[in-house]
Structures are given as structure tokens and as C-alpha cells.
Enquirer: 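Quick one: structure below, then a few questions.
When a residue number appears, it is its place in the shown sequence, counting from 1.
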Amino acid sequence: MKRGGDLAITVLTGIVAIPLGLVIALLIRCTMGGPVLFRQTRTGLRGKEFEILKFRTMRDKRFPEEPDAPRITRLGDLLRRTSLDELPQLWNVARGEMGVIGPRPTLPEQVVHYSRRQRGRLDVRPGLTGWAQVQGRNSITWPERIELDLWYVRNRSLGLDLRILLLTVKVLLNPAGITAAGGVNPGFPAPTEPADTAVAVTGVAPVTAAAPGQAEPAPAVIGLPRQATGPRPVPPLRARPSRPAPVGAAVEEAS
């Protein structure tokens, strides 16, 4: 039933998306040349990898060490702010690789850091938009986003999907949390807890009950790198340090 709804929305949206996409493709071709589309491998349902499509928003590098932020063109910036760079992903939905609602598909090198519990995020098709997207997008940490996605997987329903669609419209009209500071998203942090231990959305580790007559132990606050700048401060690091995270991925590659 959900798949049928995805196809119906794709067909209806395609009436507007196809001519609009052709105009965008022409503008990209005129301002940046080819290719028009940005392609990248992402991890989808049950860990199956697929090639995600986006409109290109960056010009080619003028030298090997050139950072990503200066490469974003004026047209590319507009496409990102309006999320029109994601329009080609309707083809991914039509192919069954994605759905309209679901966790955003992430890079395979990020997925390898998932704990067994976090891999529950892959139990549904990735989506064009999702619960984490309408709760802060790139302004919240990766662990927070995963927890929000896991909550969606456990509680998904037609009513929740309709709510996410309405909130998505609100986010599109008032975009925020799209681009990370400096144009680079930090890499996915390695888990700081054992594989089956949940870290709450707040970043506070579960509290172990104290023995009778003993004081309750203070919860350990897990401080993890943020995906992008946001209004909330990062909690101080008090847990044992994690192993180094991989090198950050470009914003275009991680959203």
C-alpha cells in the first residue's frame, strides 16, 4: 500500500517536476557544463546499495585541494536552499530504491559505523524526506538523526507520514539546517557505547540502577561532533573517547 502511494505521488509530482527539471538541467549546462546530474552510491533498504541522483550544484575543482564551499555556484546555492537539487530522486522512487517518506539514505562508509541497533534504520526504504529531516535536518548530530529515524521506523503509520509531508512543506517554505559550517559535513562518529547500547536523542547514556542504599550514579553525557551548526550547545565530553571518525564528506554528498 505504501509503495502504491509512493508511485501515485511520484506520478502527480512528475507533471510539474519534469518540465521544471528540464529547465534546471539547461541552466546547469549553461553555467557549469556537464554533467548535469550528481551520482553517488548510498545504502538503502536492508543494506542494499544504489546510485542516488541529484542536480549538480558545484563546479569542477580548479586545483586538487580546493575546498567544497567556494565551488557551490549561485544556481547551486539556490537549488540547495529550495531543495530542488533533490528533484531527480523521484526517479529513485519510481525505481523502488527510495520512498517518499523514510530515513535519508547515507553513505556506505557511514553505515559501517552503525551498531546492530542502529542498523534498524535500514529496515525501511530511504525517503525523499523523513522525521529527522523535519526535526532539524543537518542542524542536529548524526546520532540524534539516527535516533529520530529509529523512532519513525518503530512508529510509522499513514497518519505520521501525512504529518511529515505537511511539516516538509513548512520546512521548504522556511528552509534551515541545509548546509554545514564551512561547507563540509563532519564524518559519521564511531559509536562511543557498546554495539547494543542506545544513546538517547539528548546524548545522555542510559543510567544503571544503583544497589539498595546507594546513591543513583550520575548519567554519562556523550559529547559527539555536530553534523552542522545549530542553536543548541554541544554537551561536554565526559565519556571515554571514541576511535577517530573518518574524514568528513562534502555537503553535497551527505545530505
Enquirer: So do D161 and K2 actually touch side chain to side chain, heavy atoms under 4.5 Å?
Expert: yes

Enquirer: Please, which pairs that meet ring pair (Phe, Tyr, Trp, His ring centres under 6.0 Å) have at least one residue in residues 147-171, sequence neighbours excluded?
Expert: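 Ring pair (Phe, Tyr, Trp, His ring centres under 6.0 Å) check on residues 147-171 returns W131-W151.
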
Enquirer: When clusters are formed by joining ILVMFWY residues with side-chain heavy atoms under 4.5 Å apart, either directly or through shared neighbours, do M98 and L45 land in the same one?
Expert: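 Hydrophobic grouping puts M98 apart from L45.
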
Enquirer: Quick one: CZ on R116 to CZ on R119, what's the gap to the nearest 0.5 Å?
Expert: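 So the CZ of R116 and the CZ of R119 are separated by 11.5 Å.
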
Enquirer: Are I164 and T129 close enough that some pair of their side-chain heavy atoms sits under 4.5 Å apart?
Expert: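 Contact flag for I164/T129 side chains = yes.
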
Enquirer: Could you check R81, R74, R80 and say which one makes a side chain to side chain donor-acceptor pair (under 3.5 Å) with D77?
Expert: R81

Enquirer: Once rounded to the nearest 0.5 Å, what's the spacing between atom CG of L75 and atom SG of C30?
Expert: 10.0 Å

Enquirer: For the residue pair L150 and R154, establish whether any side-chain heavy-atom pair is separated by less than 4.5 Å.
Expert: yes

Enquirer: With side-chain contact (heavy atoms from CB on, under 4.5 Å) as the test, would you mind laying out the steps for I52 and Q89 before giving the verdict?
Expert: CA-CA 7 Å; I52 199 173; Q89 287 164 42; 3.7 Å; yes

Enquirer: Between E51 and R39, is any pair of side-chain heavy atoms under 4.5 Å apart?
Expert: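 Touching, per the 4.5 Å side-chain cut-off.
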
Enquirer: Quick one: does any side-chain atom of R156 pair with a main-chain N or O of V153 as donor and acceptor, under 3.5 Å?
Expert: yes

Enquirer: Considering non-hydrogen atoms only, spot the tightest contact between F50 and P105 and give its length.
Expert: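 It is CZ-CB, 3.9 Å.
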
Enquirer: About how many Å separate OG of S83 and CD of Q133, when rounded to the nearest 0.5 Å?
Expert: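 Q133 atom CD to S83 atom OG measures 8.0 Å (nearest 0.5 Å).
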
Enquirer: Check this for me: does any side-chain nitrogen of one of E66 and R59 sit under 4.0 Å from a carboxylate oxygen of the other?
Expert: yes

Enquirer: To the closest 0.5 Å, what do you measure between CZ (R145) and CG (D149)?
Expert: 7.5 Å

Enquirer: Mind checking whether F55 and L37 have side chains closer than 4.5 Å, heavy atoms only?
Expert: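 Yes, their side chains come closer than 4.5 Å.
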
Enquirer: Would Q40 and R42 count as having a side-chain donor-acceptor pair, cut-off 3.5 Å?
Expert: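 Distance-only check passes for Q40 and R42.
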
Enquirer: Taking the side chain as every heavy atom from C-beta outward, state whether L148 and I140 have any pair of such atoms under 4.5 Å apart.
Expert: yes

Enquirer: Can you name the nearest heavy-atom pair linking G96 to R125, along with the distance?
Expert: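 Heavy atoms only, the tightest pair is O-NE, 2.9 Å.
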
Enquirer: Do the non-hydrogen side-chain atoms of T43 and L122 ever get within less than 4.5 Å of each other?
Expert: yes

Enquirer: Using a strict cut-off of less than 4.0 Å between a Lys/Arg side-chain nitrogen and an Asp/Glu carboxylate oxygen, indicate whether R71 and D68 qualify as a salt bridge.
Expert: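 Yes, R71 and D68 are salt-bridged.
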
Enquirer: Nearest 0.5 Å, please: how far is CD1 in I146 from NE2 in H113?
Expert: 11.0 Å

Enquirer: Indicate if L79 and V23 have the same hydrophobic cluster label, given that clusters are the connected sets of ILVMFWY residues with side-chain heavy-atom separations under 4.5 angstrom.
Expert: yes

Enquirer: Main chain of A132, side chain of Q135: is a donor-acceptor contact present, judged purely on distance under 3.5 Å?
Expert: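 No, Q135 side chain to A132 backbone: no donor-acceptor pair under 3.5 Å.
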
Enquirer: Do I9 and L160 land in one hydrophobic cluster if side-chain heavy atoms of ILVMFWY residues count as linked below 4.5 Å?
Expert: yes

Enquirer: Evaluate whether atom CD1 of I18 has more than 12 neighbouring non-hydrogen atoms of other residues, nucleotides or ligands under 6.0 angstrom away.
Expert: no

Enquirer: Between T41 and L107, is a side-chain contact (heavy atoms from CB on, under 4.5 Å) present by the stated rule, with each step listed?
Expert: CA-CA 7 Å; T41 300; L107 299 165; over 6 Å; no

Enquirer: Within the 4.5 Å heavy-atom criterion, are L84 and I24 side-chain neighbours or not?
Expert: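 Yes, their side chains come closer than 4.5 Å.
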
Enquirer: Would you find a donor on one side and an acceptor on the other, under 3.5 Å apart, between the side chain of D123 and the backbone of R46?
Expert: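 Between the backbone of R46 and the side chain of D123 there is no qualifying donor-acceptor contact (under 3.5 Å).
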
Enquirer: Return yes if some donor-acceptor pair links the side-chain N/O of R95 with the main-chain N/O of E97 below 3.5 Å, else return no.
Expert: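 Not a single qualifying donor-acceptor pair exists.
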
Enquirer: Set out, in order, the CA-CA distance, both residues' side-chain angles and the distance that settles side-chain contact (heavy atoms from CB on, under 4.5 Å) for L78 and T73, then state yes or no.
Expert: CA-CA 9 Å; L78 175 63; T73 65; over 6 Å; no

Enquirer: Please report the closest heavy-atom contact between V171 and V134, naming both atoms and the distance.
Expert: CG2-CA, 4.1 Å

Enquirer: Taking side chain to side chain donor-acceptor pair (under 3.5 Å) as the cut-off, I'd like each qualifying pair that reaches into residues 5-28, sequence neighbours left out, listed once.
Expert: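 Residue pairs passing side chain to side chain donor-acceptor pair (under 3.5 Å), neighbours aside: none found.
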
Enquirer: Check whether R104 reaches the backbone of G127 with its side chain - one donor and one acceptor, N or O, closer than 3.5 Å.
Expert: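 Flag set: sc R104 to bb G127 pair under 3.5 Å.
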
Enquirer: Hydrophobic cluster membership, with links at side-chain heavy-atom distances under 4.5 Å among I/L/V/M/F/W/Y: are L167 and L165 in one?
Expert: yes

Enquirer: Could you check whether D85 pairs with R56 (Lys NZ or Arg NE/NH1/NH2 to Asp/Glu carboxylate O, under 4.0 Å)?
Expert: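 The answer is no: the pair does not qualify as a salt bridge.
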
Enquirer: Is it true that E86 and K54 have a side-chain N and a carboxylate O under 4.0 angstrom from each other?
Expert: yes

Enquirer: So L53 and N92, side-chain contact (heavy atoms from CB on, under 4.5 Å) or not? Walk me through it.
Expert: CA-CA 7 Å; L53 302 176; N92 292 118; 4.0 Å; yes

Enquirer: Can you name the nearest heavy-atom pair linking T106 to Q110, along with the distance?
Expert: CB-OE1, 3.2 Å

Enquirer: Of all the heavy-atom pairs spanning L172 and T82, show the shortest one and how long it is.
Expert: CD2-O, 4.0 Å

Enquirer: For the CD1 atom of I101 and the OG1 atom of T168, what is their distance to the nearest 0.5 Å?
Expert: 5.5 Å

Enquirer: Counting only heavy atoms not in K48, do more than 12 sit closer than 6.0 Å to its NZ atom?
Expert: no

